[in-house]
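These notes are about the structure you will find just below.
When reading the values below, keep in mind they use all heavy atoms of this one structure, side chains included, and skip hydrogens, waters and symmetry mates.
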Amino acid sequence: QVQLVESGGGLVQPGGSLRLSCAASGSIFSINAMAWYRQAPGKERELVAAISSGGSTNYADSVKGRFTISRDNAKNTVYLQMNSLKPEDTAAYHCKVVVLTTTRTYLEVWGHGTLVTVSS
């Protein structure tokens, strides 16, 4: 089994910053891609940022220049540094990892989410 532990969400004022983290543990042989998604009430889930095993990154247009995704392979952890936050960034943020397990099978694993609220 694989578990994801997310942290870093909370309430922040517009223009402020937060850093989300997502740590994977369990029957992991290696981790391929890691990503952050978000979903606001009444809206579809959207991809925010993704990072490959080699460190290549992709971002949604709405967060380019403000958010940075990174990973620490030694800690099986992915981060999302969020700067210049806007009220439109308010959402539940979920991490997703693609894991090669110790039994040599690939799993797509989702975290339970951490809430980010940007408000005055």
Side-chain angles (χ1 to χ4, degrees):
Q1 73 276 24
V2 177
Q3 300 82 38
L4 303 182
V5 178
E6 299 159 307
S7 63
L11 175 65
V12 66
Q13 295 182 353
S17 298
L18 286 174
R19 185 178 67 180
L20 307 183
S21 64
C22 176
S25 62
S27 303
I28 299 170
F29 183 82
S30 63
I31 297 179
N32 195 339
M34 309 182 81
W36 287 97
Y37 292 76
R38 68 185 181 188
Q39 187 168 24
K43 301 179 68 175
E44 297 293 328
R45 183 178 61 203
E46 65 173 339
L47 176 65
V48 177
I51 185 167
S52 72
S53 60
S56 298
T57 58
N58 289 296
Y59 298 93
D61 288 341
S62 59
V63 307
K64 284 182 178 178
R66 300 188 298 120
F67 291 10
T68 303
I69 188 170
S70 61
R71 62 191 290 170
D72 186 334
N73 291 331
K75 297 180 179 179
N76 289 332
T77 300
V78 61
Y79 304 93
L80 185 67
Q81 178 67 47
M82 304 184 294
N83 298 326
S84 302
L85 283 162
K86 305 174 181 179
E88 308 93 89
D89 297 316
T90 296
Y93 285 71
H94 298 258
C95 68
K96 184 191 77 174
V97 302
V98 178
V99 176
L100 180 64
T101 70
T102 54
T103 57
R104 306 285 293 209
T105 59
Y106 281 101
L107 294 178
E108 183 179 280
V109 185
W110 288 84
H112 288 117
T114 183
L115 183 63
V116 172
T117 303
V118 185
S119 176
S120 298

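The stretch residues 95-118 participates, sequence neighbours left out, in these salt bridge (charged side-chain N to carboxylate O under 4.0 Å, His left out) pairs: K96-E108. Every pair tested for disulfide (SG to SG under 2.5 Å) that includes a residue from residues 24-73 fails, sequence neighbours excluded, so the list is empty. Residue pairs satisfying the salt bridge (charged side-chain N to carboxylate O under 4.0 Å, His left out) criterion with at least one member in residues 109-120, sequence neighbours excluded, are absent. A disulfide (SG to SG under 2.5 Å) check over residues 9-98, counting only residues at least two apart or in different chains, returns the pairs C22-C95. Note on residues 37-49: pairs passing salt bridge (charged side-chain N to carboxylate O under 4.0 Å, His left out), not counting sequence neighbours, are R38-E46, R38-D89.
Remark: side-chain polar atoms of Q39 are not paired, donor with acceptor, to backbone N or O of A92 under 3.5 angstrom. The closest donor-acceptor contact from the side chain of Y59 to the backbone of G65 lies at 3.5 Å or more, if one exists at all.
Using a 30° and 60° split on the angle between ring planes, Y37 and W110 fall in the tilted class, from 30° to 60°.
Considering every non-hydrogen atom in both A91 and A40, the closest pair reads CB-N, 3.9 Å. Nearest approach of N83 to S17, heavy atoms of both residues: OD1-OG, 2.9 Å. Taking all atoms of both residues into account, the shortest heavy-atom contact from A60 to L47 is CB-O, 3.4 Å. Closest approach of V48 to V63, counting heavy atoms only: O-CG2, 3.7 Å. Closest heavy-atom contact between T77 and M34: C-CE, 4.0 Å. Smallest separation of non-hydrogen atoms from G111 and L4: N-CD1, 3.3 Å.
The structure places CZ of F67 at 8.0 Å from CG of L20, a figure rounded to the nearest 0.5 Å. One finds the OG atom of S7 at 8.5 Å from the CZ atom of R19 (value rounded to the nearest 0.5 Å). Note that the CD atom of Q81 and the CG atom of L18 stand 8.5 Å from one another [nearest 0.5 Å]. Note: T68 OG1 to I51 CD1 = 10.0 Å, rounded to the nearest 0.5 Å. If you take CG on L115 and NE2 on H94, they are separated by 9.0 Å, rounding to the nearest 0.5 Å. From L100, atom CG reaches atom CG of N32 across 8.5 Å, with rounding to the nearest 0.5 Å.
In the displayed structure, Q13 atom CD is contacted under 6.0 Å by at most 12 heavy atoms of other residues, nucleotides or ligands.
Linking ILVMFWY residues whenever their side-chain heavy atoms come closer than 4.5 Å, directly or via other members, leaves V98 and L107 in distinct clusters.
Side-chain atoms of I31 and N73, non-hydrogen and from C-beta on, never get closer than 4.5 Å to each other.
Between T90 and the options V118, L85, V116, a side-chain contact (heavy atoms from CB on, under 4.5 Å) holds for only V118. Applying side-chain contact (heavy atoms from CB on, under 4.5 Å) to I28 and the options T101, N76, T102, V97 leaves one that passes, N76.
Residues satisfying the salt bridge (Lys or Arg N to Asp or Glu O under 4.0 Å) test with K64, not counting sequence neighbours, are D61.
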